[in-house]
There are 2 protein chains.
Amino acid sequence: MKFTCIKENLIKGLNAVAKISGKNISLPILNNILIVAENEGIKFSATNLEIGIKTKIRGKIEEAGKITVPAKTLAGFVGYLPEEKVKFELLKNSNEIKITSGTWETKIKTQSADEYPLIPEVATENVLKLKTSQLKQILSETIFAAITNESRPELSGGYFNISEQLLTMVATDSYRLAEKKFITEENKKKAHFIVPIKTLQELEKILSESEEDEEVKIYWEENQVLFLMSQAELNSRLINGEYPDYTQIIPDKHTTRIAFNKNVAVNAIKAASLFVKTGIYDVIFEFKKPDKMFIKAANSQLGENQAIIDCEIEGEENNIVFNYHYILDGLLNLTNEKVILEMSNPNSPAVLKIDKKDDYLYLMMPIRQ
Amino acid sequence: MKFTCIKENLIKGLNAVAKISGKNISLPILNNILIVAENEGIKFSATNLEIGIKTKIRGKIEEAGKITVPAKTLAGFVGYLPEEKVKFELLKNSNEIKITSGTWETKIKTQSADEYPLIPEVATENVLKLKTSQLKQILSETIFAAITNESRPELSGGYFNISEQLLTMVATDSYRLAEKKFITEENKKKAHFIVPIKTLQELEKILSESEEDEEVKIYWEENQVLFLMSQAELNSRLINGEYPDYTQIIPDKHTTRIAFNKNVAVNAIKAASLFVKTGIYDVIFEFKKPDKMFIKAANSQLGENQAIIDCEIEGEENNIVFNYHYILDGLLNLTNEKVILEMSNPNSPAVLKIDKKDDYLYLMMPIRQ
């Protein structure tokens with residue numbers, strides 16, 4: 001194996017895959033990156049057996065081949081190289097790969113590519129197509145609401161529900177829930193599956209580094225999903241189990257609808273958060289006519305805080321108490337300035353929406369009074 | 001107590017003192033900030049009994065007074081206030097202070113100022129005057145070399161040695177040593193004392209926030225030191241004990257002198273650091289005529305790395321092995337681009353200097369071969 005490539009491409013290609021190869025003690029080869037040099041270019045792959053990532057960069061290939069190299073060493077090292085041009089050569093009589101750039105010469109021990117686990121192929125029968133920017137927004141507005149540990153496996157994933165021309169993406173930890181609806185092109189089949197939240201977090205990172213607004217293809221089959229972009233692909237197992245029927249807890253009417261400025265409210269909630277009761281995190285919201293929102297918290301040890309901010313109230317005066325983490329998470333993940341809260345009474349779930357849009361909702365269970 | 005001040009001043013004044021008031025369980029009042037409103041302005045103080053910090057801001061005082069308030073709550077809170085003007089009022093019939101800004105109203109529980117420990121006064125007999133920018137540079141070039149735990153108390157401080165018109169500042173952990181000499185004005189007396197490294201780190205933070213190049217006065221007596229700036233003062237106990245006679249280990253001659261570019265070397269050392277032996281951190285430096293520096297590391301598990309960089313060699317060819325942390329620390333804390341290394345043989349201490357300057361040295365013990 002022998003090829004030359006450009007430092008910037010190399011860094012980009014390696015960074016996306018190196019994150020996945022952790023410190024795996026039982027299967028040390030998983031700490032390596034698989035490098036494959038072929039006609040079409042240079043491919044880097046890594047897997048932790050749950051998620052697999054592949055990236056592809058351009059380069060001049062003098063001799064095709066494949067090998068595996070410790071991920072942390074290789075990815076850490078290339079950033080310091082002095083020149084743009086980097087040569088790789090697998091040495092014939094040792095188990096080392098030689099990397100040269102200017103007056104620098106590095107030899108890294110390798111392991112055979114034959115020992116590296118295969119990243120399973122996903123059939124390309126079922127496909128959903130989106131733009132990278134669209135998928136990025138769908139993820140950023142939903143996945144923060146999922147459970148990140150595995151206490152309830154089916155809630156530690158993002159729920160994809162595909163029907164005709166609609167993708168519905170849902171994440172919940174059972175105290176709050178984010179739902180995004182997205183009109184897609186030409187979906188023929190109904191389908192639904194749960195993608196691990198760690199996969200979606202990795203996907204978000206890859207998307208955030210994709211410069212142009214290109215197409216992402218999502219392929220799925222019974223136990224696997226594949227996110228295919230032009231320079232990278234992410235493969236993951238799916239979570240077994242049924243996603244809870246969350247639609248029944250989404251209120252279909254409300255008695256109070258409040259429109260307000262997100263940033264002003266975020267500041268007031270953060271200030272109030274310093275005065276909440278330990279372990280309860282209770283911030284009180286009161287909506288009083290004409291058009292005032294009171295955001296309050298009180299704590300017998302520290303004191304109390306009250307901010308009065310402008311809003312527009314339709315319907316009845318009302319009040320509700322939220323765990324401040326939940327409402328802050330919801331507000332901070334919205335890109336719009338003007339936000340809507342809909343509620344009926346202090347003990348029923350309330351819903352955050354984006355003004356003039358019906359494709360998104362963030363539901364929060366209140367703290368009962 | 002009743003006063004009005006500007007949010008930006010408040011944030012600045014509180015931030016410097018709030019850091020010092022930690023979670024002190026045995027003496028909870030130390031978690032508070034002392035606020036004193038008097039004719040001259042508003043003063044904030046905090047102490048952890050080792051270090052005391054006072055800051056002063058301007059404001060309109062309607063009623064003089066003093067009180068203590070939980071540091072974390074107050075400092076965390078003021079950043080979110082909606083308006084520039086902030087009013088403080090100590091409520092007569094409760095133990096609360098009321099803070100208002102626009103439509104926001106906050107009440108924070110207080111504790112009497114009488115219970116707050118006094119920050120000791122330091123006699124103003126012995127004084128050393130510097131500019132803030134000068135002291136900032138002296139600290140940044142030295143204190144990183146000290147021990148930050150208390151395993152050897154006298155080495156967990158910065159050594160100030162004042163003689164006639166020279167301030168010598170030293171820090172060492174016994175494996176490496178930084179010494180900075182600084183010509184001062186009108187010192188009459190000889191003196192030396194050891195200031196805890198934590199004090200100097202706090203001082204560095206305060207200096208980095210001082211906008212203008214103003215005067216710092218350093219006052220000292222047997223057990224105390226005071227750093228006095230116009231808007232802030234820092235008071236600290238001194239470390240008891242004798243500072244080791246470090247001058248005897250500083251080599252007075254060398255056989256090889258190498259001049260090189262700091263940034264190029266830093267990159268090569270960082271790349272080599274990925275190939276050092278675990279727990280040894282050994283990077284090999286070879287100086288070969290004409291004018292080449294080889295920076296190398298090798299590890300039987302991972303592989304090896306070699307960078308050849310340009311340098312200017314005077315004297316003999318030579319080689320030496322350093323713990324990469326030590327040489328990186330030294331290089332990264334220098335502001336100059338061109339750096340000098342002086343050494344005699346692979347087993348004797350080597351010295352980093354700044355080209356054309358004699359006021360600074362950074363000594364490193366090599367790894368013996």
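Residue numbers begin at 1 in each chain, while the letters A, B, ... track the order of the sequences.
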Does A:K87 have more than 12 heavy atoms from other residues, nucleotides or ligands lying within 6.0 Å of its NZ?
no
Of all of A:I108, A:I97, A:L81, which one pairs up most often with chain B through heavy atoms under 4.5 Å apart?
A:I108
Please check: side-chain N/O of B:T103 versus main-chain N/O of A:I308, any donor-acceptor pairing under 3.5 Å?
yes
As an exercise: rank B:S273, B:A298, B:A271 by heavy-atom pairs under 4.5 Å with chain A and give me the winner.
B:A271
Residues in residues 276-288 of chain B near chain A [non-hydrogen atoms, under 4.5 Å]:
none
Approximate separation, where rounding is to 0.5 Å, of B:K296 NZ and A:T106 OG1
12.5 Å
More than 12 heavy atoms from other groups under 6.0 Å of NZ on B:K72:
no
Taking all non-hydrogen atoms of both residues into account, name the closest pair between A:L274 and B:G76 and its distance.
CD1-C, 3.4 Å
Please examine the side chains of A:Y80 and B:V266, heavy atoms only from C-beta on, and report whether any two atoms are closer than 4.5 Å.
no
Interface moiety of B:S300 toward chain A, non-hydrogen atoms closer than 4.5 Å
backbone
Working to the nearest 0.5 angstrom, can you tell me the gap between B:N299 CG and A:T73 OG1?
8.0 Å
If I measure from the heavy atoms of chain B, does A:A268 come under 4.5 Å with its side chain, its backbone, both, or neither?
both
What's the shortest heavy-atom distance between A:N267 and B:W104, and which atoms?
O-CH2, 3.7 Å
Heavy atoms of other groups near B:K262 NZ, more than 12 under 6.0 Å:
yes
Mind checking the CD-CD spacing from B:E304 to A:E96? Nearest 0.5 Å is all I need.
6.0 Å
For B:K205, what residues pass the side chain to side chain donor-acceptor pair (under 3.5 Å) criterion, not counting sequence neighbours?
B:E202
Do you know which of B:G303, B:P70, B:A297 has the most heavy-atom pairs with chain A at a distance under 4.5 angstrom?
B:G303
Which atoms of A:T110 are under 4.5 Å from chain B, going by heavy atoms: the side chain, the backbone, both sets, or neither?
neither
Can you name the nearest heavy-atom pair linking A:Q301 to B:K109, along with the distance?
O-CG, 3.3 Å
Taking everything shown except A:K66 itself, do over 12 heavy atoms lie less than 6.0 Å from its NZ?
no
Heavy-atom distance under 4.5 Å to chain B: side chain of A:F294, backbone, both or neither?
neither
